[in-house]
Amino acid sequence: MNPRQQELAARIAGRRGAVRGPFRVWLHSPEMCERAESLGAFARFDCGLPEHLRELALLMAARNWDAQYSWNAHVRQAIEAGIPEAAVKAIAEKREAVLDTELDQAFYQFCREILDEHFVSDETFARALDHFGAKGLVDTIGALGNFTMLGMCLNTFQVDLQADREPPFPDIRGYERVVPGADRPRP
């Protein structure tokens, strides 16, 4: 690594414990890495959303992009932060998740619509705005955008699938979509 890459790697390791996953890729472009790390740190640690909703947004974006590394790195954290295991399993299986509170369900619906439909209905928007305010919704979109970029990076560069982990999604093996239960690529 050149001096700039070494500087960024040291900063990332200091904040996150090590340089892993997408940062190993992003370091090829130090300026991109610095900006991605800054946005990622905001989305993960500093935005106005409660921890369990930040983790829920990360899992939803990870599943939307089939980003197994992100999912595996955060699934335990999401459950420990308060996301019900049944909801996590439903998201992994691309089924409708049910959350424990109206606030959490409104957040889930908002994220689901923007990820799946690329739009949010007026009703869903109003419900989420009532719970989170404009700042909370902007933070949500920023977090989902960051986690989307993360998933795209992980899949494009085929970042470590953590061989010691069970594949989290029934329709993905390695970096291919498979027929669920068949462990073979789709025709």
Side-chain angles (χ1 to χ4, degrees), residues 8 11-17 19-23 25-26 29 31-85 87-88 90-92 94 96-156 159 168:
L8 286 169
R11 186 178 340 146
I12 292 164
R15 183 169 197 153
R16 297 172 181 268
V19 177
R20 343 177 235 275
F23 297 105
V25 174
W26 286 331
S29 174
E31 297 311 313
M32 170 64 187
C33 182
E34 184 170 45
R35 286 163 176 82
E37 195 282 329
S38 179
L39 177 59
F42 175 78
R44 286 272 328 284
F45 308 115
D46 300 325
C47 78
L49 300 171
E51 178 186 9
H52 74 290
L53 295 182
R54 294 190 309 257
E55 292 294 338
L56 177 59
L58 193 147
L59 289 186
M60 292 179 73
R63 184 53 174 126
N64 187 69
W65 286 95
D66 302 320
Q68 299 164 89
Y69 181 93
S70 282
W71 182 277
N72 287 339
H74 287 273
V75 68
R76 271 279 135 245
Q77 292 175 0
I79 292 168
E80 289 170 4
I83 302 302
E85 285 190 52
V88 169
I91 294 166
K94 291 193 170 188
E96 189 72 23
V98 176
L99 284 296
D100 290 339
T101 68
E102 162 57 24
L103 181 127
D104 292 356
Q105 196 66 43
F107 183 83
Y108 168 81
Q109 184 67 28
F110 180 85
C111 293
R112 190 193 62 70
E113 286 184 24
I114 197 65
L115 290 170
D116 291 352
E117 305 300 326
H118 308 156
F119 302 97
V120 177
S121 71
D122 291 344
E123 179 184 330
T124 296
F125 183 85
R127 181 177 166 207
L129 184 63
D130 187 49
H131 285 294
F132 301 102
K135 180 188 182 312
L137 295 187
V138 169
D139 285 357
T140 300
I141 295 301
L144 287 171
N146 174 74
F147 302 145
T148 290
M149 179 177 61
L150 175 65
M152 292 168 66
C153 174
L154 295 168
N155 286 351
T156 300
V159 172

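Only this structure's heavy atoms are used, side chains among them; waters, hydrogens and symmetry mates stay out.
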Summary of ring pair (Phe, Tyr, Trp, His ring centres under 6.0 Å) pairs that have at least one residue in residues 104-127, sequence neighbours excluded
F107-F132

Measure the CH2-CE distance between W65 and M149 for me, rounded to the nearest 0.5 Å.
12.5 Å

Heavy-atom nearest pair, L99 first then P84, reads CD1-CD, 3.9 Å

Interatomic spacing from CD1 in I79 to CD in E85 - rounded to 0.5 Å
4.0 Å

Side chain to side chain, K135 and V138, heavy atoms closer than 4.5 Å:
no

Could you grab the distance from atom SG of C47 to atom CD1 of I141, nearest 0.5 Å is fine?
12.0 Å

Taking the side chain as everything from C-beta on, heavy atoms only, tell me whether D100 gets closer than 4.5 Å to I83.
no

Ionic contact status for R16 with E37, cut-off 4.0 Å:
yes

Minimum-distance pair of heavy atoms, taken over all atoms of A92 and R63:
O-NE, 2.8 Å

Heavy-atom side-chain proximity of Y69 to L150 below 4.5 angstrom:
no

Before you tell me yes or no, could you show the steps for R127 and E123 under salt bridge (charged side-chain N to carboxylate O under 4.0 Å, His left out), namely the whole-Å CA-CA distance, both residues' side-chain angles and the distance that decides it to 0.1 Å?
CA-CA 6 Å; R127 181 177 166 207; E123 179 184 330; 5.9 Å; no

Do the side chains of Q77 and R44 get nearer than 4.5 Å, heavy atoms only?
yes

Is it true that a side-chain atom of E55 and a backbone atom of P50 form a donor plus acceptor pair closer than 3.5 Å?
no

Consider side chain to side chain contact (heavy atoms under 4.5 Å, CB included). Of L58, L56, V88, which one does H74 pass it with?
L58

What is the minimum heavy-atom distance between A106 and H131, and which atoms define it?
CB-CD2, 3.5 Å

Validation row: L115, M60 side chains within 4.5 angstrom (heavy atoms):
yes

Can you measure from CZ (F23) to SG (C153) and round to the nearest 0.5 angstrom?
9.5 Å

When every non-hydrogen atom of A67 is compared with those of L154, the smallest separation belongs to CB-CD1, 4.3 Å

If I take atom OG1 from residue T124 and atom CD from residue E117, how far apart are they, to the nearest 0.5 angstrom?
10.0 Å

Going through the distances and angles, do R112 and E96 end up as a side-chain contact (heavy atoms from CB on, under 4.5 Å)?
CA-CA 9 Å; R112 190 193 62 70; E96 189 72 23; 3.6 Å; yes

Find the distance between CG (N64) and CG (L59) and round it off to the nearest 0.5 Å.
12.5 Å

Is there a side-chain contact between L8 and V19, using heavy atoms and a 4.5 Å cut-off?
no

With the side chain counted from C-beta on, respond yes when S70 and F147 share a heavy-atom pair under 4.5 Å apart, and no when they do not.
no

Looking at T140 and C111, what are the two nearest heavy atoms and their distance?
CG2-SG, 3.8 Å

In terms of heavy-atom contacts, R15 and A41 come closest through CZ-CB, 3.4 Å

Between E113 and Q109, do the side chains contain a donor N or O and an acceptor N or O under 3.5 Å apart?
yes

